[in-house]
Structure formats: C-alpha cells, structure tokens
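These notes concern the structure reproduced below.
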Amino acid sequence: MDIRDIRKKLKKELDKDRYEHSKGVMYTAGCMAMAFAYDYEKAMLAGILHDCAKCLSPAEKVALCKKKHLEISQVELDNPGLLHAKAGMVLAEEKYGVKDPDILHAIMVHTTGEPNMNTLDKIIYVADYIEPQRCDAPHLDLIRRLAFSDLNECVAEILYDTLNYLKGRKGSIDSSTQLTYEFYKQYGKERPWKH
Ligand code: DGI
Ligand code: FE
Ligand code: FE
C-alpha cells in the first residue's frame with residue numbers, strides 16, 4: 001500500500017483530531033529526517049501510522065497484543081491507553097501492509113520510548129511530542145529547537161518533563177518509561193526547573 005492509500009484508510013479509522021495530529025507528526029518527522037540525513041519518506045510513513053490503533057477499544061488493543069504474544073505489563077493493563085503503541089505495531093503490519101521492521105519498531109516504542117533507541121525511533125518519539133498542534137507541554141520552545149539539533153538531548157528533556165507530569169498526576173509509571181529516562185538522562189543539561 002502506498003502512503004496515499006494508507007492515509008485514506010487511516011482517515012476513516014481515526015477521529016478528526018487524531019488524524020490531524022497524525023498528519024502533524026508525519027510532516028514533523030519528515031522535516032526532522034531531512035535535518036539528520038535520514039530517509040524522510042520512511043519517517044513520514046512511520047509518522048502517519050504511529051497512532052493507528054489509538055481509536056480501538058481497550059479489549060481490541062489487548063487482543064492484538066495477545067495475538068502476537070506481546071508481553072503486557074500491569075501498568076499497561078491499568079492504563080490500556082498505553083497499549084495503542086504495541087497494538088499499533090501489529091495493526092500497521094496486518095491492516096496497512098507495513099513490512100519495514102524499523103517502522104514497526106518505531107511505532108511500538110513511541111509512547112514510553114526504549115533505552116538506546118535508533119534514529120527513527122527518536123524521530124517519531126520527538127515528533128509526536130512537538131508537532132505544531134501540541135501546545136500544552138512545558139518548555140516546548142526549547143524542546144522544538146533541540147529536535148533539529150540534538151536528538152539525544154531532546155529525548156532526555158522530553159522524558160524529564162513526562163515523568164514530572166506523570167508524578168504530578170500520580171499516574172503509574174511504566175518500567176519502560178523509567179528505564180528510558182535512566183538511559184537518556186546522561187544527555188540532559190542542567191536547567192533551572194530541574195532544581
Ligand atoms: O498517543 P499520543 O497522545 O499522541 O501520545 P503518546 O503515545 O506519546 O502518549 C502520550 C501519553 O502517554 C502522555 O499522556 C503520557 C503517557 N505516558 C507515557 N509514559 C507513560 C505514560 N502514562 C503512564 N501512565 N505511564 C507511563 O509510563
Ligand atoms: Fe501515541
Ligand atoms: Fe501521537
């Protein structure tokens with residue numbers, strides 16, 4: 001399936017806001033790929049598809065993961081919203097015909113991240129956070145600048161803010177998010193808000 005067919009199909013599966021967000025991630029990921037000399041068509045495909053399972057029910061997401069024997073953590077069971085990343089990987093392959101393992105992996109890790117991510121994983125993780133329609137996260141000016149200059153530092157700052165946000169909401173933190181932060185914090189800089 002080429003990206004035009006995928007977009008037509010996705011538009012029917014996602015609600016309007018989610019499709020608009022996915023387009024934002026697609027173009028942002030494409031631009032970031034150009035900044036880092038990565039294949040921009042591949043980044044755009046991963047970007048448009050990253051939330052393809054977002055509008056499924058919790059039961060449908062669990063079923064897709066179980067079908068592929070993917071491990072589901074207790075935090076994921078308690079917060080089934082998290083499962084749209086793993087379920088999205090399964091759906092991207094089964095429903096949208098994606099075979100590229102890099103794209104499937106980037107979709108799988110886009111919500112929690114993973115230690116030692118590859119370039120495409122980081123592009124999608126960051127593009128999801130900074131696409132133009134996102135406006136409620138702190139330090140977005142800085143994070144948007146880092147997105148085009150230093151991917152590892154950018155990921156570190158996003159994870160710092162995400163963990164802070166989750167602690168504030170008493171949201172249970174998935175071990176993948178915590179482990180990803182432990183890996184990337186070495187790339188973070190001293191910032192006034194970290195004291
Ligand atoms: O699907 P999107 O909304 O576009 O973005 P996403 O897939 O990055 O999901 C973002 C949400 O996921 C955000 O509200 C923070 C949340 N999240 C990330 N890591 C964890 C988490 N939520 C919980 N409960 N635990 C985590 O470890
Ligand atoms: Fe998502
Ligand atoms: Fe998203």
Side-chain angles (χ1 to χ4, degrees), residues 17-52 54 79 81-82 84-86 88-89 92 100-169 171 173-195:
D17 286 352
R18 186 56 51 180
Y19 184 69
E20 289 302 313
H21 160 71
S22 300
K23 266 199 310 192
V25 175
M26 173 180 78
Y27 286 120
T28 304
C31 293
M32 289 175 64
M34 293 173 194
F36 296 106
Y38 192 85
D39 178 344
Y40 69 87
E41 288 180 327
K42 191 157 148 162
M44 289 176 78
L45 193 51
I48 195 72
L49 277 166
H50 81 286
D51 274 341
C52 66
K54 190 79 177 183
N79 305 273
L82 285 173
H84 76 280
K86 283 180 187 166
M89 172 186 72
D100 187 323
D102 296 336
I103 294 179
L104 297 174
H105 187 263
I107 295 172
M108 180 178 78
V109 302
H110 88 265
T111 301
T112 60
E114 182 179 84
N116 202 12
M117 289 184 280
N118 66 35
T119 303
L120 183 62
D121 296 337
K122 287 184 277 196
I123 286 176
I124 298 303
Y125 183 82
V126 170
D128 191 18
Y129 197 86
I130 66 157
E131 64 97 1
Q133 283 153 111
R134 282 247 194 250
C135 54
D136 45 1
H139 320 120
L140 266 180
D141 289 352
L142 166 74
I143 288 170
R144 285 187 166 127
R145 202 152 25 86
L146 291 174
F148 292 89
S149 58
D150 190 322
L151 273 182
N152 287 331
E153 186 182 351
C154 189
V155 168
E157 298 302 343
I158 292 174
L159 281 157
Y160 183 91
D161 287 345
T162 298
L163 285 177
N164 242 357
Y165 164 80
L166 290 171
K167 279 178 203 149
R169 284 181 58 234
I173 292 163
D174 194 84
S175 60
S176 309
T177 309
Q178 188 63 43
L179 288 170
T180 309
Y181 175 66
E182 299 299 333
F183 182 90
Y184 281 97
K185 69 180 180 193
Q186 61 178 311
Y187 300 106
K189 295 246 166 76
E190 279 294 312
R191 305 279 178 197
W193 54 86
K194 292 185 183 174
H195 294 300

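Hydrogens, waters and symmetry mates play no part in the numbers below; they use all other heavy atoms, side chains included. On a predicted model such as this, the values are computed, not experimentally measured, just so you know.
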About how many Å separate [atom2] of [Y] and [atom1] of [X], when rounded to the nearest 0.5 Å?
X	Y	atom1	atom2	answer
Arg144	Ser149	CZ	OG	14.5 Å
Asp174	Leu179	CG	CG	9.0 Å
Leu120	Met32	CG	CE	10.0 Å
Lys86	Leu104	NZ	CG	15.0 Å
Ile143	Ile130	CD1	CD1	9.0 Å
Cys52	Tyr19	SG	OH	13.0 Å

### Task
Considering only NZ, NE, NH1 and NH2 on the basic side and carboxylate oxygens on the acidic side, decide whether Arg191 and Glu153 come within less than 4.0 Å.
yes
### Query
Does a salt bridge link Glu20 with Lys23, judged by any charged N lying under 4.0 Å from a carboxylate O?
yes
Hey, is the main chain of [Y] close enough, under 3.5 Å, to the side chain of [X] for a donor-acceptor pair?
X	Y	value
His105	Asp102	no
Glu131	Tyr27	no
Asp128	Tyr125	no
Asp51	Lys54	no

### Task
Give the intermediate values and the outcome of side-chain contact (heavy atoms from CB on, under 4.5 Å) for residues Asn152 and Lys122.
CA-CA 8 Å; Asn152 287 331; Lys122 287 184 277 196; 2.8 Å; yes
Testing the basics here: between [X] and [Y], what is the closest heavy-atom pair and its distance to 0.1 Å?
X	Y	result
Gly88	Ile107	C-CG2, 3.6 Å
Val126	Ala147	CG1-CB, 3.6 Å
Tyr38	Thr119	CD1-CG2, 3.9 Å
Ile124	Ala29	CD1-CB, 3.8 Å
Thr112	Ser176	OG1-CB, 3.5 Å
Thr180	Gly113	OG1-C, 3.2 Å

Sequence neighbours excluded and cut-off under 3.5 Å, please list the side-chain donor-acceptor pairs for residues 159-168, or say none.
{"unit_1": "Asp161", "atom_1": "OD1", "unit_2": "His139", "atom_2": "ND1", "d": "3.3"}
{"unit_1": "Asp161", "atom_1": "OD2", "unit_2": "His139", "atom_2": "ND1", "d": "2.9"}
{"unit_1": "Thr162", "atom_1": "OG1", "unit_2": "Ile158", "atom_2": "O", "d": "2.8"}

Side chains of [X] and [Y] in contact at under 4.5 Å (non-hydrogen atoms):
X	Y	value
Met117	Leu151	no
Met89	His110	no
Val155	Tyr187	no

### Message
Counting only heavy atoms from other residues, nucleotides and ligands, does the tally under 6.0 Å from OH of Tyr181 exceed 12?
### Response
yes
### Message
Set out, in order, the CA-CA distance, both residues' side-chain angles and the distance that settles side-chain contact (heavy atoms from CB on, under 4.5 Å) for Arg145 and Leu142, then state yes or no.
### Response
CA-CA 5 Å; Arg145 202 152 25 86; Leu142 166 74; 4.0 Å; yes
### Task
Start with the C-alpha distance between Cys154 and Tyr129, add both sets of side-chain angles, then the distance that settles side-chain contact (heavy atoms from CB on, under 4.5 Å), and finish with yes or no.
CA-CA 10 Å; Cys154 189; Tyr129 197 86; over 6 Å; no
